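Structure first, commentary second.
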Amino acid sequence: MTQILSGKNALVTGASRGIGRGIALELARQGANVAFTYLSSPDKAAELEQELSAMGVKAKGFRSDASDFKAAEDLVTEVVTTFGTLDIVVNNAGITRDNLLMRMSEEQFDEVIRTNLKSVFNVTKACQKPMLKQRNGSIINITSIVGIKGNAGQANYAASKAGIIGFTKSVALELGSRNIRCNAVAPGFIETEMTAVLDPATVQTWRDQIPMKRGGTALDIAQSVVFLASDWSSYITGQVIQVNGGLLT
Ligand code: NAP
């Protein structure tokens, strides 16, 4: 079978669990070498590194806080030193600190903006240098349905994810002439550890509202990321692809 990412080098932030892990595995399945980051799950990261290596690609996990500007610069330098080039960047690391605005603390707001939005600036800014040199690159930012339609109890998260969309479109305009593409994927309700903390009744209500009558999987998101990472999408930039089972049309 043809592997559409054969020979490409990818970096995925926040891949120790959930959607990021699914993306890393699918990129490798399509032949890409995979560098990935994690923050607080070293055992899961070591497991993933082994799993990826067993698929016959080069793989390495880096403990790196995506919200830290200097750490992101150092990370990209290390990745380029280890892998040679950097063709694909997936900004996936993200957190939630949900609360109604009435109860939301300044810290809850700042933490979510730093981890979800500033991280995208940090890593994209760092990877633009090697990509400009190569005159080639695909950057994929994981936003959310919540960044498009808002969600009560998630003003901080919605602001961070809407910010990612504006950032993505601007970067696409700035870097298009250098053959560097920048797109976003907006997952709907994807069943991962992030959503496992919700009570089962809430989860069932979500499923019932989805036209396709199921929550999404990490693989559903990973396959759209593979498409945007590959040359099959070589004329697509500045777009937000919604992967949500029809939840928002
Ligand atoms: P998850 O299961 O909670 O996993 C989050 C990942 O991000 C973990 O690997 C975690 O690493 C990493 N991470 C968190 N903070 C980090 C930081 N500062 N630096 C580096 N890595 C960090 O979440 P998920 O559900 O897979 O979500 C992944 C992305 O999809 C997020 O951006 C989320 O907003 C978005 N999304 C999810 C859904 C959904 O329904 N699940 C819907 C829409 C959008 P450690 O464990 O090592 O700390």
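Source: prediction; values computed, not measured. Whatever order the structure lists ligands and atoms in, that order sets their numbers, starting from 1.
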In terms of its nearest heavy atom to atom 28 (C) of ligand 1, the top option of I221, D65, N92 is N92
| request: Please work out whether the ring planes of W206 and F189 are parallel, tilted or perpendicular, with thresholds of 30° and 60°. | output: parallel
Contact check, K161 vs ligand 1, heavy-atom distance below 4.0 Å | yes
Residues at least two apart in sequence or cross-chain that pass side chain to side chain donor-acceptor pair (under 3.5 Å) with Q154, listed by chain then number, are D98, N151
_If only side-chain N and O atoms count, and only distance matters, is there a donor-acceptor pair under 3.5 Å linking T124 with N91?_
yes
Within the 4.0 Å heavy-atom cut-off, what S64 brings close to ligand 1 is backbone
When rounded to the nearest 0.5 Å, the distance separating CD1 of I23 from CD1 of I221 is 7.5 Å
Contact region, K44 to ligand 1, non-hydrogen atoms below 4.0 Å, reads neither
Output for pair (R63 CZ, L39 CG), nearest 0.5 Å, gives 5.0 Å
Note: ligand 1 atoms sitting under 4.0 Å from heavy atoms of I142 are 30 (O), 35 (C)
Out of T143, I190, T192, the nearest non-hydrogen contact to atom 44 (C) of ligand 1 is supplied by T143
**Prompt:** Between N116 and ligand 1, is there a nitrogen or oxygen pair with a distance under 3.5 Å?
**Reply:** no
Flag L39 as yes when one of its N or O atoms lies below 3.5 Å from any N or O atom of ligand 1, and as no otherwise.
yes
* Asked: Hey, does A66 come in under 3.5 Å of ligand 1, counting only N/O atoms on both sides?
  -> yes
Residues at least two apart in sequence or cross-chain that pass side-chain contact (heavy atoms from CB on, under 4.5 Å) with T168, listed by chain then number, are N141, I164, C182, A184
